[in-house]
Asker: 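This structure is in structure tokens; I'll ask about it shortly.
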Amino acid sequence: MVRFDIITIFPEIFDSYLKESIIARAVKKGLISVKAHNLRRWAKDRHKTADDKPFGGGIGMLMKVEPIYKAVAALKSKAQSANRKTRVILFSPRGKKFNQKTAYRFSKLDRLIMICGRYEGVDERVAKYVADEEISIGDYVLMGGEVPSMVVIEAVSRLIPGVLGKPQFLKERITKEKGFIEYPQYTRPEMFKGWRVPKVLLSGNHKKIEEWRKKHGKEIEG
Ligand code: SAH
């Protein structure tokens with residue numbers, strides 16, 4: 001069971017996402033839990049301000065350190081037993097690139113607290129003192145950490161036994177201990193608009209099919 005806690009100023013973004021069939025089923029089965037927390041709950045002033053102007057000047061606003069610090073502290077204190085495996089991540093285009101290996105590592109946690117930046121980014125003290133690690137989902141700049149957190153939830157959840165239904169949905173593609181080959185796939189009809197399914201896949205020759213898949217697939221390191 002991995003518990004995902006998302007700290008965001010836009011918790012509604014997750015409403016429809018969490019109704020998606022596989023995620024919703026995994027939550028119902030108690031395999032994962034996902035909670036989007038509104039950061040403004042921890043903003044102390046009347047206007048629930050979570051952002052402010054950058055010191056030294058510059059365009060845009062930055063997310064303040066204090067509300068984020070309080071949110072993480074409150075969520076951690078709720079974890080009750082201190083020895084539960086918890087990790088706090090901050091999404092940042094400057095972070096370590098998220099990959100399948102990281103997904104495996106996170107799938108072994110009890111709890112993953114994710115901090116979603118917005119605006120021009122986040123006060124650097126969050127990266128330095130509050131988060132355990134900074135994660136980027138790729139070399140491009142998005143508008144917020146909400147989509148990255150969905151990316152992480154999906155990649156991690158499908159590795160948790162039972163989430164994809166039958167275990168072989170995951171295992172059948174596993175060639176090494178954890179890594180696997182992602183290969184091109186086809187379904188009926190055999191011919192559409194003159195576009196044919198590769199003959200080898202119709203041959204029933206498992207060895208040949210395996211070779212074809214290795215040749216045309218891409219190895220994903222696990
Ligand atoms: N100038 C800022 C960019 C802010 S983008 C900087 O260099 O950090 C606003 C927020 O979106 C970021 O704080 C981060 O939480 C999220 N974000 C944007 N691109 C991302 C990426 N590629 N991976 C992960 N998070 C990203």
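When a ligand or atom number is given, it counts from 1 through the structure's own listing order.
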Asker: In the structure I gave you, are the side-chain heavy atoms of Ser92 and Val122 within less than 4.5 Å of one another anywhere?
Answerer: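 A side-chain contact under 4.5 Å is absent here.
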Asker: How close does the nearest protein non-hydrogen atom get to atom 8 (O) of ligand 1, and which residue and atom is it?
Answerer: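 Here the closest protein heavy atom is Pro93 CD, 3.6 Å.
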Asker: Output yes when the distance from some N or O of ligand 1 to some N or O of Val122 is under 3.5 Å, and no in every other case.
Answerer: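 For ligand 1, there is no N or O atom that lies under 3.5 Å from one belonging to Val122.
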Asker: Within this structure, what is the CE-CG distance for the pair Met1 and Asp110, rounded to the nearest 0.5 Å?
Answerer: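 These two atoms lie 9.5 Å from each other.
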Asker: Considering only the protein, which heavy-atom contact is closest to atom 15 (O) of ligand 1, and what is its distance?
Answerer: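 Going by distance alone, atom 15 (O) of ligand 1 is nearest to Phe91 O, 2.7 Å.
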Asker: Say you draw a straight line from OH of Tyr17 to CD of Glu146; how long is it, rounded to the nearest 0.5 Å?
Answerer: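 Those atoms lie 13.0 Å apart.
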Asker: Nearest to atom 23 (N) of ligand 1, what protein heavy atom do you find, and at what distance?
Answerer: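 Checked against all protein heavy atoms, atom 23 (N) of ligand 1 sits closest to Ile137 N, 3.0 Å.
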Asker: Once rounded to the nearest 0.5 Å, what's the spacing between atom CD1 of Ile115 and atom OG1 of Thr8?
Answerer: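 The CD1 atom of Ile115 sits 11.5 Å away from the OG1 atom of Thr8.
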Asker: How far is atom 9 (C) of ligand 1 from the closest protein heavy atom, and which atom is that?
Answerer: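 The protein heavy atom lying closest is Tyr119 O, 3.4 Å.
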Asker: Using a 4.0 Å cutoff against the non-hydrogen atoms of Gly117, which atoms of ligand 1 qualify?
Answerer: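 Those of ligand 1 that fall under 4.0 Å from Gly117 are 10 (C), 11 (O), 13 (O), 15 (O).
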Asker: What's the separation between atom OG in Ser157 and atom CD1 in Ile23, rounded to the nearest 0.5 Å?
Answerer: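 Taking OG in Ser157 and CD1 in Ile23, the distance rounds to 4.5 Å.
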Asker: So is Ile135 close enough to ligand 1, meaning a heavy atom under 4.0 angstrom away?
Answerer: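 It does; at least one heavy atom falls under 4.0 Å.
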Asker: If we only count heavy atoms from C-beta on, is the Lys35 to Leu75 side-chain gap below 4.5 Å?
Answerer: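 The answer is no; the side chains never approach within 4.5 Å.
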Asker: Do ligand 1 and Gly121 have nitrogen or oxygen atoms that lie under 3.5 Å from each other?
Answerer: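 The answer is no, given that Gly121 and ligand 1 share no N or O pair closer than 3.5 Å.
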Asker: Can you tell me which residue and heavy atom of the protein come closest to atom 19 (N) of ligand 1, and the distance to 0.1 Å?
Answerer: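 Protein heavy atom at minimum distance: Leu142 N, 2.9 Å.
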Asker: Could you state the interatomic distance from OH (Tyr69) to CG (Asp123), rounded to the nearest 0.5 Å?
Answerer: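 Output value for this atom pair is 14.5 Å.
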Asker: Which option out of Met143, Glu120, Arg118 puts a heavy atom nearest to atom 4 (C) of ligand 1?
Answerer: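 Among Met143, Glu120, Arg118, the closest heavy atom to atom 4 (C) of ligand 1 belongs to Glu120.
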Asker: Determine whether the side chain, the backbone, both or neither of Pro148 has a heavy atom under 4.0 Å from any heavy atom of ligand 1.
Answerer: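 Answer for Pro148: side chain.
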Asker: Please identify which atoms of ligand 1 are closer than 4.0 Å to at least one heavy atom of Ser136.
Answerer: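 With Ser136 as reference, the close atoms of ligand 1 come out as 22 (N), 23 (N), 24 (C).
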Asker: Return the CD1 to CG distance between Ile32 and Leu18, rounded to the nearest 0.5 Å.
Answerer: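 If I round to the nearest 0.5 Å, the distance is 8.0 Å.
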Asker: Which ligand 1 atoms are under 4.0 Å away from a heavy-atom of Gly144?
Answerer: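 Matching atoms, with element in brackets: 10 (C), 11 (O), 16 (C), 17 (N).
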Asker: Taking the side chain as everything from C-beta on, heavy atoms only, tell me whether Tyr186 gets closer than 4.5 Å to Leu201.
Answerer: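 Sidechains of Leu201 and Tyr186: in contact.
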